[in-house]
Structures are given as structure tokens and as C-alpha cells.
Amino acid sequence: MIKKIDVADLRVGMYVHDLNCGWLDHSFLRRRFQIKSESNIERIRRLGVQELYIDTDKGDDLSEAPTEGEVVERLEQELVEVGEQEHVLPQPVSLAEERVQARRIHNEALQVINGLMRDARLGLPITLEQVRNTIGEMVGSIFRNQNALMALARIRHTDRYTFEHSVNVSVLMVSFARELNLEPGVIEEIGIGALLHDIGKTQVPDAILNKPGRLSDDEFAIMRGHAAYSRDILAAIPGFSPTALAVAAEHHERFDATGYPDGKGGEAISLYGRMAAIVDVYDAITSDRVYHKGMEPHQALRKLLEWGRFHFDPQLVRQFIRCVGIYPVGSLVRLESNRLGVVLENGREGLMEPIVRVVMDARWRRFLPVEDVDLSRRVRGRPDQILGAEAPEQWGIDCEEVLRLPC
């Protein structure tokens, strides 16, 4: 049986099923292992792990610990509570109309960050003119209809993770800042800092950056240095604002002061750094990497709620969930009618009623003619509320391909 325990209750003889720190690359060679010494426990504590999962069939038990199923049930209820809170942001332009602009802006942002990282790697000066123009267009697109760029952020290519991650974090941060009703000028600076937040990785050796497996302790220490490199590179750019710098410099700081590079905690971390910590982790854990499969978006939001007890600002986590939706764009969901569909847009009436592109009859495991359904509009005799999220690979559905289909 899989159970969740506090790290303070971890004992020699227990079997670690999951370190529960998907937000952090770590140097353990195996994801699951037996605790054989106190040094194993101390090493886990040094990672900043506060809670983890054990397998009681393979090691010692803790009778009072909740099961994994109980934890998931509680987190799902929390998500429902977030979803029940009134939330509607205007989307003045249709998704179909905005997709053309969004695709151009997304491709332009990829080219910009690719060029800037190349310049940084060569030690060339970095200028912000192109960045400002691109972020200005990104902000405009998100205010017209954020779902267009959100959908593109779900279409990934493993071989260009670093560039796509930078663009995706920028899209999510601008959307998050809009959710928080921040000033337009501040939103643009947040977008700039987000696009450049990982530029310090240009100072990390490729052998470590692209290693297809877990890092050693020494390699891990070098990798962690990228946050300080980002801060130093960006601080040297004339006109680079404190807001943008905070996004880049603090995106690995943690609310419980277990992060880096400065070990800040709580409100010692700026609002922008606390936002960036959440967004950076969300995009990272929903991305496929060389050594692990990305989580589905709904599962990732559950994890953010769970980790928000310690590592992230819990109120900001809930606000981020309201920004992306309980079932974010690209999620596969099952409807009460037993049809399966991919979420295209956040709900126009509420978070629990998004627009879904229906593609399969789950009862007969049969693909259907594609149909876009607005769940806020009830159809007599055809209940179509969401029952829950589904794993696409179990149904042979490629959510990215569904998102690419014309509206």
C-alpha cells in the first residue's frame, strides 16, 4: 500500500515510493529505494523534501499515515472548491480568430529566445528591443483570448525543451499577472523576466544540461548555479527592470526557504518570484523530458496544491489554478455522456464548464466526428458535465494533434 508521510517520520527500513519533489531535479539515481541508513534520510532532508510516499508492501509501515488514494481524494475536493469560486475573464476575440496571431507570436518568441541564448553563450551583449516587442504582442494576444497561446504551450518538442519552456513560462506568467489584475506595464516586465528566466543555463556545460538521466551531486550543484547566472547576466543589461529581474532571480526560491540561490522564504520572496516558482514548476512537470514523462495538466494542479502546503505561496497556487482552469487547455476529460474530449478553452461561465473538443465514445472505444461542445450550454437529454480527467495514452488519443485541428 502506498502511504504519505512527513519526512520527520521517515525511518530506516521504510521503502521510498516517491520523493514527492517533482519540482526539483535531484541526484538520487533511483526514484524508488529502501532506506538503509540515517545518511539516506539526511540526504532527503537536504533536498528540501517535507513529505513523501512510502510503499508498505516493500518496507516498514506507519499505521496512522493516509493512503495515496485518501490524499488524492482530498486534493480533488480542494480543486472542486477552487472551481466553484466565481471566475470569468473576458475573451473578446474568438479562439479561431486569435489562433493565427498567436501562432506567429509564439514562433517569434521561440526565435528571439533562441537568438538571445546563443548571444549569451558567446558572451555577446544582450539587447531588449526585440524582447519588448515580442512580449508586447504576447500580452495583447492573451488579453484578446489567452486560450490561443495556452494551446500552443501544450504542443511540445522534447529536443527544444529549453526554448519552449522559456516561452511557455512567459505565456503563463502574463496570463497569471492578468488574473491578478496587475498594471499593464508590470505585466510586460513580468513577461520579459519570464522569457529570460533560464538564460543562466547558457553557462552550464551541455553535458550536464542535456544529460539523459539523473545528475550526480557535483553536477546537481553546477545545475543549480543557473539561477544565480541568470540574475547576474540580466542585472548587467541596461534598463532591465527590478520586476523582470525578480522573476528570473527568484524562480527557484521556495516559500519554506528550501530553494536557491539565496534561500529566501515567505514574503522575503517578491510577489513576482513567488508567481514564477509556481509557473516554472507547472510547465516543467507537464513537459516530457529525456528521462521522464510529463504529468497531465489536471494531475499537475493537484501536485501544486499538495506542494503549496510548504514550497509555494498557497493563496497564489489557488489563483494560478483559477487562471489556467481546473482542467487546463489540452486536458483529456470524460463527460457524463461517456464521451471523451480535449479542453480547448476555459469556461465562459465558470471553471467547471470549459469548451471541449469531443473525439471519442468511451463506452465503445470508438472515435467520433470531431465536435466542439460548450459545457456551459446544456443540451436537453444529453448531460455533458465533466466527470474527471483521463490519461490520453490509455485511449490512444494525442491531445496535441487534437489541439492542432482547425476550430
Side-chain angles (χ1 to χ4, degrees), residues 79 82-83 87-103 105-106 109 138 141-157 164-165 167-179 194 278-279 281-288 294-304 319-335 340-359 370-376 384 386 388-392 397-407:
L79 281 172
V82 174
H87 170 89
V88 178
L89 280 177
Q91 307 289 346
V93 173
S94 72
L95 178 62
E97 186 179 350
E98 187 56 35
R99 285 180 77 171
V100 176
Q101 290 280 23
R103 190 175 293 111
I105 294 165
H106 191 265
M138 183 184 290
S141 178
I142 286 168
F143 272 75
R144 290 190 297 270
N145 191 317
Q146 72 175 30
N147 299 288
L149 276 168
M150 289 279 200
L152 292 172
R154 290 299 306 150
I155 299 172
R156 317 291 183 104
H157 303 81
E164 288 185 336
H165 175 65
V167 174
N168 293 347
V169 168
S170 193
V171 168
L172 289 165
M173 282 291 283
V174 169
S175 300
F176 194 5
R178 181 193 181 209
E179 168 70 28
I278 294 166
V279 170
V281 166
Y282 173 77
D283 188 72
I285 64 177
T286 54
S287 300
D288 289 343
M295 293 182 190
E296 291 306 309
H298 182 77
Q299 180 188 5
L301 294 182
R302 251 192 352 240
K303 278 296 181 185
L304 288 180
Q319 289 172 301
F320 177 70
I321 292 169
R322 285 195 286 273
C323 168
V324 298
I326 305 302
Y327 300 100
V329 172
S331 302
L332 182 68
V333 295
R334 182 192 288 259
L335 306 180
L340 301 179
V342 177
V343 174
L344 285 186
E345 296 191 59
N346 288 337
R348 292 167 181 166
E349 303 296 331
L351 294 182
M352 302 302 289
E353 298 176 327
I355 298 173
V356 175
R357 177 160 288 171
V358 173
V359 294
V370 173
E371 177 187 3
D372 292 349
V373 178
D374 185 344
L375 298 183
S376 67
D384 265 328
I386 292 176
E390 295 280 335
I397 294 173
D398 187 333
C399 293
E400 292 185 10
E401 285 300 320
V402 175
L403 290 174
R404 286 190 180 99
L405 297 173
C407 295

If every non-hydrogen atom of [X] is compared with every non-hydrogen atom of [Y], which pair is closest and at what distance?
| X | Y | result |
| --- | --- | --- |
| Asn145 | Val93 | ND2-O, 2.8 Å |
| Asn147 | Asn346 | OD1-N, 3.0 Å |
| Ile105 | Ser141 | CD1-CB, 3.8 Å |
| Tyr327 | Met352 | CE1-CE, 4.4 Å |
| Pro328 | Val343 | O-CB, 3.6 Å |

Atom [atom1] of [X] and atom [atom2] of [Y]: how far apart are they, to the nearest 0.5 Å?
| X | Y | atom1 | atom2 | result |
| --- | --- | --- | --- | --- |
| Ser175 | Met150 | OG | CE | 3.5 Å |
| Ile285 | Leu304 | CD1 | CG | 5.0 Å |
| Met173 | Ile142 | CE | CD1 | 11.5 Å |
| Leu172 | Glu179 | CG | CD | 12.5 Å |
| His298 | Glu390 | NE2 | CD | 11.0 Å |
| Ser287 | Arg156 | OG | CZ | 3.5 Å |

* To do: With side chain to side chain contact (heavy atoms under 4.5 Å, CB included) as the test, would you mind laying out the steps for Val171 and Met138 before giving the verdict?
  => CA-CA 7 Å; Val171 168; Met138 183 184 290; 3.9 Å; yes

* For the pair Leu403 and Val329, evaluate side chain to side chain contact (heavy atoms under 4.5 Å, CB included) and give the outcome as yes or no after the intermediate values. => CA-CA 9 Å; Leu403 290 174; Val329 172; 4.2 Å; yes

* Asked: Is Asp384 reaching over with its side chain to a backbone N or O of Leu335, donor-acceptor style, under 3.5 angstrom?
  -> no

* So, does Arg357 use its side chain to make a donor-acceptor pair with the main chain of Leu405 at under 3.5 Å? -> yes

* With a 4.5 Å heavy-atom cut-off, do Glu98 and Gln91 have their side chains touching? -> no

* Asked: So which of Thr286, Asp283, Val279 actually passes side-chain contact (heavy atoms from CB on, under 4.5 Å) with Asn168?
  -> Asp283

* Structure fact -> Hits for salt bridge (Lys or Arg N to Asp or Glu O under 4.0 Å) against Glu401, two or more places apart or cross-chain, chain-then-number order -> Arg404

* **Mutual orientation of the aromatic rings belonging to Tyr282 and Phe320 [parallel < 30°, tilted 30-60°, perpendicular > 60°]** => perpendicular

* Asked: Does the side chain of Glu296 pick up a donor-acceptor pair with the side chain of Ser331 at under 3.5 Å?
  -> no

* Would Arg302 and Met295 satisfy side chain to side chain contact (heavy atoms under 4.5 Å, CB included), going step by step from the backbone distance to the final call? -> CA-CA 10 Å; Arg302 251 192 352 240; Met295 293 182 190; over 6 Å; no

